[in-house]
Amino acid sequence: MSSQDEQVAQRRSNLDALATLGVDVYPHAFERRHTVADLVDAYNARTHDELEAERPETVTSGRILAIRSFGKASFLAISDGRARIQVYIRQDSLPPLDFQIFKLLDIGDWIGVEGRLFRTKTNELTVWASRLHFLAKCLLPLPEKWHGLTDVEIRYRQRYLDLIVNAESRRVFETRGRVVSAVREFMTGRGYLEVETPMMQPIAGGALARPFVTHHNALDMPLYLRIAPELYLKRLTVGGLERVFEINRSFRNEGISTQHNPEFTMMEFYEAYADYQVLMRMTEELVATVARQSIGTDQIAFGDHRMSLTPPFARLSLRDAARAAASSTLGRAVSDGDLRNQECAAGLARALGVDIEQGEGAGKITCAIFEALCEDQLIQPTFVYDFPTEVSPLSKQKPGDPDTVERFELYIGGFEVANAFSELNDPAEQRRRFEDQLKERARGNVEAHAMDEDYIRALEYGLPPTAGEGVGIDRLVMLLTNSPSIRDVILFPLMRKRE
RNA sequence: GACCCGGUAGCUCAGUGGUAGAGCAUCUGACUUUUAAUCAGAGGGCCGCGGGUUCAAUCCCCGCCCGGGUCACCA
């Protein structure tokens with residue numbers, strides 16, 4: 001019998017023995033007076049003498065994380081997930097049945113404890129158990145107490161184990177919860193209405209990405225999991241909802257990396273009468289406020305870097321960034337005009353060793369140069385603004401410069417955290433952009449945007465001047481929790497099927 | 001998809017072309033204020049899977065599976 005089988009058999013036999021004693025081994029509820037965290041909060045500051053004077057009584061519960069046994073006396077460490085407390089067990093302080101129960105406990109079991117609080121000789125806050133209640137069995141051995149669980153594969157596949165033994169992991173997901181709450185509070189506080197739009201869409205639009213495909217049986221209709229909520233949210237702005245946001249799960253059928261999970265969370269919002277300049281100022285406030293509310297500061301450490309999220313953030317035009325990087329790499333002056341000319345831009349890309357595809361336009365090449373040379377250098381928060389029209393089919397052009405749109409991306413820690421633009425609201429121009437995308441698609445670009453006639457019709461009813469933005473919640477949480485991989489901030493990241 | 005690294009006891013990790021190792025965990029015994037408890041003993045292994053080389057493979061070679069990283073693609 002393997003060690004695991006042996007340990008499971010032992011735990012099963014302890015469970016059977018409890019049942020034989022007449023213990024309900026799967027009780028339905030337990031009424032506790034305090035959580036473990038309550039006790040620690042309330043009594044951690046009390047001295048030995050204060051506790052002896054007060055003799056506070058409690059009924060609490062948790063999972064056993066350690067057992068130190070001395071024959072007729074023992075110490076347990078129990079946890080409610082938030083805090084730990086010690087339980088002191090003595091044979092002469094417990095009813096005989098409860099001591100029998102104690103002897104059949106294993107590490108990982110859930111128990112309820114009644115008793116009074118005191119401090120041991122070593123000054124540890126402890127519950128002196130007068131009653132023990134069995135709540136549920138842990139049939140499998142837990143990871144080791146000292147090194148814990150470090151195998152990332154098990155941490156992702158069996159997140160519950162990670163959460164039981166790695167306090168840091170729990171802290172990350174608590175922070176994530178606070179980030180989402182803070183984002184919601186920030187938006188609703190500014191008069192935005194939280195809405196929910198379809199995750200299953202007949203046309204997957206709003207971003208340049210490959211969708212997941214599914215099928216509705218009764219309607220016999222192909223459907224796509226959304227790649228973005230964008231087009232639906234703007235339909236709502238057409239409908240007069242002037243400020244809307246959605247905390248949305250979106251899905252993109254693409255590679256997995258430290259910064260990409262096939263399903264990910266964005267906060268996308270639209271504000272009528274605003275343009276991208278307004279959103280830059282709002283985004284600074286959002287990021288700084290959310291940081292302060294979720295981790296208590298807007299000064300963060302990320303890997304080897306320290307970043308300040310205090311507004312204002314740096315601003316850098318995309319072409320200037322690409323131009324400066326290309327100039328310094330090549331040791332010769334590169335002009336704005338060079339980047340706007342397809343032949344010059346393609347030549348630059350070749351000289352810089354940046355991969356581009358045959359027939360790619362100047363705008364796409366400029367972006368490729370930016371991504372290759374600049375992106376991972378942008379550690380401190382930086383708005384990169386003014387993108388080529390070619391790569392932005394839903395954004396509004398700059399006055400007098402049809403090759404450029406009013407769009408920005410926010411970079412922090414070397415990756416993109418937000419993407420925003422003044423929304424294209426001219427239906428005729430939108431149709432032309434979609435048609436360009438169809439040409440892209442015909443060239444074999446599977447990520448090109450699809451035609452969406454209903455969206456154009458919505459624009460024909462009139463979209464007020466509007467700016468919109470998507471903020472990557474997972475990536476924001478990575479920054480605020482100093483997590484190097486997006487999988488560390490997603491409870492159940494997608495993993496290949498096992499067995 | 002390409003390349004690099006990894007997979008050995010429940011967990012964390014050593015290790016060697018010749019019968020497989022430690023700590024924690026588990027079991028037995030001692031112990032009524034310990035806290036990585038201690039002490040004495042014991043059990044626990046398809047060394048990821050499948051081929052090959054070899055008298056002999058956990059180790060060398062090839063393929064595959066799973067994971068991590070880098071790149072590519074994307075957000």
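A note on names: the letters A, B, ... follow the listed sequences, proteins ahead of strands, and every chain is numbered from 1.
Taking only side-chain atoms of Ile107(A), from C-beta outward, the nucleotide of rU12(B), rU32(B), rU26(B) with the closest atom is rU26(B). Looking at the side chain of Arg157(A), the nearest of the listed nucleotides rU32(B), rC66(B), rG10(B) is rC66(B). Out of rG10(B), rU34(B), rG68(B), the shortest distance to the side chain of Pro141(A) is found at rG10(B). Side-chain proximity of Gln10(A) to rC27(B), rU34(B), rG23(B): nearest is rC27(B).
Annotation: side-chain contact (heavy atoms from CB on, under 4.5 Å) contacts of Met451(A) (sequence neighbours excluded): Arg431(A), Phe434(A), Glu435(A), Leu438(A), Glu453(A), Ile456(A).
In this model, the phosphate group of rG68(B) is approached by a side-chain N or O of Arg487(A) to a distance below 4.0 Å at OP1 or OP2. For the pair Arg90(A) and rU32(B), the criterion of a side-chain N or O lying under 4.0 Å from OP1 or OP2 is not met. For Lys145(A), no side-chain nitrogen or oxygen approaches OP1 or OP2 of rC11(B) to under 4.0 Å. A sub-4.0 Å separation between OP1 or OP2 of rU26(B) and a side-chain N or O of Arg11(A) is absent. Between Thr126(A) and the phosphate of rU34(B), there is no side-chain N or O to OP1/OP2 separation shorter than 4.0 Å.
In terms of heavy atoms, Arg119(A) sits closest to Leu51(A) at CG-CD1, 3.6 Å.
Heavy-atom contacts from other residues, nucleotides or ligands closer than 6.0 Å to CZ of Arg116(A) number more than 12.
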**Intra- and interstrand pairs of RNA chain B - dot-bracket, Watson-Crick/G-U under 3.5 Å, | marks other strand** = (((((((..((((....[..)))).(((((.......))))).....(((((..]....))))))))))))....

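Using a 4.0 Å heavy-atom distance criterion, Asn261(A) is classed as a base contact. Using a 4.0 Å heavy-atom cutoff across all strands shown, Gly470(A) reaches no nucleic acid atom at all. Gln86(A) comes within 4.0 angstrom of a base, heavy atoms only.
Salt-bridge check for Lys396(A) with Glu423(A): failed, with every basic side-chain N at 4.0 Å or more from each acidic carboxylate O.
Using C1' as the reference atom, rU34(B) and rA30(B) are 16 Å apart when rounded to the nearest Å. Going from the P atom of rC49(B) to that of rU8(B) covers 10 Å, rounded to whole Å. rA9(B) sits 26 Å from rG52(B) when the P atoms are compared, rounded to a whole Å.
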Please list, pair by pair, any protein nitrogen or oxygen found under 3.5 Å from a nitrogen or oxygen in nucleotides 46-48 of chain B.
none

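Geometric assessment of Arg315(A) against the ring of Phe383(A) yields a negative cation-pi assignment under the 6.0 Å and 45° thresholds.
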